[in-house]
Amino acid sequence: ASTATTAATTGIVVDESPSKRFWKVVTDSLSPLKRRRHSVEHPCYVPRLRHVLNHEFWLTQYRWYIYYFQPRRMKYIYFILLIQQFFKFRITSRTDDDDIEECTIPLPPTFSFYFANNAAAHNVLGATGSASMHVRTHAQHHHHHHHHGNTTTTIDENEERDGNHNKETPLTMLEIQRMLAFDVLNMNPTTQRAFNRLEYAQFIYYHFVHRLAKHKIQFSDKSIVRYIEDCLFGKNCSLHERERVFKNTVDVKIFDKMWNAVFRYLHQ
């Protein structure tokens with residue numbers, strides 16, 4: 001009260017706001033830009049999530065924390081790392097359009113830490129690394145025999161029988177593997193080849209969106225999945241899984257809505 005009386009008497013404006021007392025700057029100088037600068041200089045500064053995800057050092061610390069203390073959320077880290085690579089196609093799309101499909105980008109180098117050990121790594125569709133190799137081996141050796149009781153059949157016969165699925169029967173892991181031009185089960189960047197834009201979108205789709213995905217991310221907003229599948233399959237999106245055909249190319253914005261949903265989840 002005495003301070004206010006003195007200020008009124010002398011005509012001097014006394015600003016005792018917390019901002020001025022703490023930062024030692026006048027209130028009108030705390031523009032949004034300067035306020036962010038002051039917060040960074042604060043000893044208890046906590047960076048914004050977007051800064052964490054876009055800064056190599058902070059993202060390394062974030063990955064370390066999730067890996068050791070919240071391992072069940074590692075799928076979000078995998079997704080973030082893949083999207084960082086996929087976004088590099090945006091730079092290519094700004095240049096010569098003829099080079100867009102020819103440009104290839106590898107998996108994140110950090111994946112070698114998580115998936116280089118094939119014995120411990122789990123593939124995207126829910127089998128172990130050794131099991132996925134077993135599936136691929138059977139697909140390649142058509143004359144290997146399969147014994148069941150007193151009946152002996154060849155893999156060729158099994159494949160022919162599997163090919164007679166009803167069109168509404170969901171695709172199997174082996175059928176998905178045959179459908180793609182790359183090994184979708186291989187998440188090791190040291191042995192996996194680089195992808196073009198369509199292949200990278202397919203890789204992310206079968207790891208995080210497809211119903212069989214090991215690291216499937218669930219969304220309450222189903223329009224996110226519909227948008228991704230519409231970008232991948234176009235008009236075939238409304239057809240059953242067995243009747244869909246991939247488009248020749250995909251929009252670089254295919255995972256923007258999914259990224260925003262994951263970002264909001266992590267921010268909470």
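Numbering starts at 1 and runs along the sequence shown.
- Smallest separation of non-hydrogen atoms from N188 and A116: ND2-CA, 3.5 Å.
- Taking the side chain as every heavy atom from C-beta outward, R244 and E229 approach each other to under 4.5 Å.
- Residues V209 and M258 have side chains in contact (heavy-atom distance under 4.5 Å, counting atoms from C-beta outward).
- The side-chain heavy atoms of L81 and R63, taken from C-beta on, include a pair separated by under 4.5 Å.
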What verdict does the side-chain contact (heavy atoms from CB on, under 4.5 Å) test give for Y206 and M179, after you've listed the backbone C-alpha separation in whole Å, the side-chain angles of each residue and the deciding distance to 0.1 Å?
CA-CA 12 Å; Y206 284 108; M179 184 175 58; 3.0 Å; yes
Check step by step if side-chain contact (heavy atoms from CB on, under 4.5 Å) holds for L59 and Q84.
CA-CA 12 Å; L59 181 58; Q84 285 183 338; 3.5 Å; yes
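- A donor-acceptor pair shorter than 3.5 Å cannot be found between the side chains of H207 and Q202.
- The side-chain heavy atoms of Q177 and L185, taken from C-beta on, include a pair separated by under 4.5 Å.
- Taking the six-membered ring where the residue is Trp, Y114 and F111 present perpendicular rings, their angle passing 60° and hence far from 30°.
- Remark: R193 fails to qualify as a cation-pi partner of F182 under the 6.0 Å distance and 45° angle criteria applied to the six-membered ring.
- Classified by interplanar angle (parallel below 30°, tilted 30° to 60°, perpendicular above 60°), the ring pair H51/H55 is tilted.
- At a threshold of 4.5 Å between non-hydrogen side-chain atoms, the residues K247 and F233 do not count as touching.
- A salt bridge links D256 and R90; the closest N-O separation between the charged side-chain nitrogens and carboxylate oxygens is under 4.0 Å.
- Side-chain atoms of I204 and I83, non-hydrogen and from C-beta on, do get closer than 4.5 Å to each other.
- No side-chain donor-acceptor contact under 3.5 Å links D230 to the backbone of R226.
- For the atom pair Y227 OH and I254 CD1, the distance stands at 7.5 Å (nearest 0.5 Å).
- Taken to the nearest 0.5 Å, the CZ atom of F208 stands 7.0 Å off from the CZ atom of F79.
- Note that the CZ atom of F86 and the CH2 atom of W259 stand 13.5 Å from one another [nearest 0.5 Å].
- Rounded to the nearest 0.5 Å, atoms CZ (F195) and CG (L180) are 9.0 Å apart.
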Working note: K216 + Q218, criterion side-chain contact (heavy atoms from CB on, under 4.5 Å); need CA distance, chi angles, decisive distance, verdict.
CA-CA 6 Å; K216 182 176 177 62; Q218 300 286 352; 3.4 Å; yes
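- Residues P170 and R211 are in side-chain contact: their nearest non-hydrogen atoms beyond the backbone lie under 4.5 Å apart.
- Formation of a donor-acceptor pair under 3.5 Å by the E175 side chain with backbone atoms of T172 is found in this model.
- Looking only at distances, a side-chain donor or acceptor of K222 sits under 3.5 Å from a matching main-chain atom of F219.
- With rounding to the nearest 0.5 Å, the separation of CG in L232 from NE2 in H210 is 11.0 Å.
- Note that OG of S112 is 12.0 Å distant from CE of M187, once rounded to the nearest 0.5 Å.
- When Y78, Y76, F113 are each tested for a ring pair (Phe, Tyr, Trp, His ring centres under 6.0 Å) with Y67, only one passes: F113.
- The side-chain heavy atoms of L53 and I80, taken from C-beta on, include a pair separated by under 4.5 Å.
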Intermediate values then yes/no, side-chain contact (heavy atoms from CB on, under 4.5 Å), L107 and Q85
CA-CA 7 Å; L107 293 177; Q85 293 291 92; over 6 Å; no
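- Between the side chains of T249 and R197, at least one donor N or O lies within less than 3.5 Å of an accepting N or O.
- Residues D183 and Q192 have side chains that never bring a donor and an acceptor to within less than 3.5 angstrom of each other.
- Minimum interatomic distance between P189 and P108 (heavy atoms only, all atoms of both residues): CG-O, 3.5 Å.
- Residues R73 and Y265 bring a donor and an acceptor atom of their side chains to less than 3.5 Å of each other.
- N186 and T191 share a donor-acceptor pair across their side chains, judged by distance under 3.5 Å alone.
- Aromatic ring centres of Y68 and Y65: separated by at least 6.0 Å.
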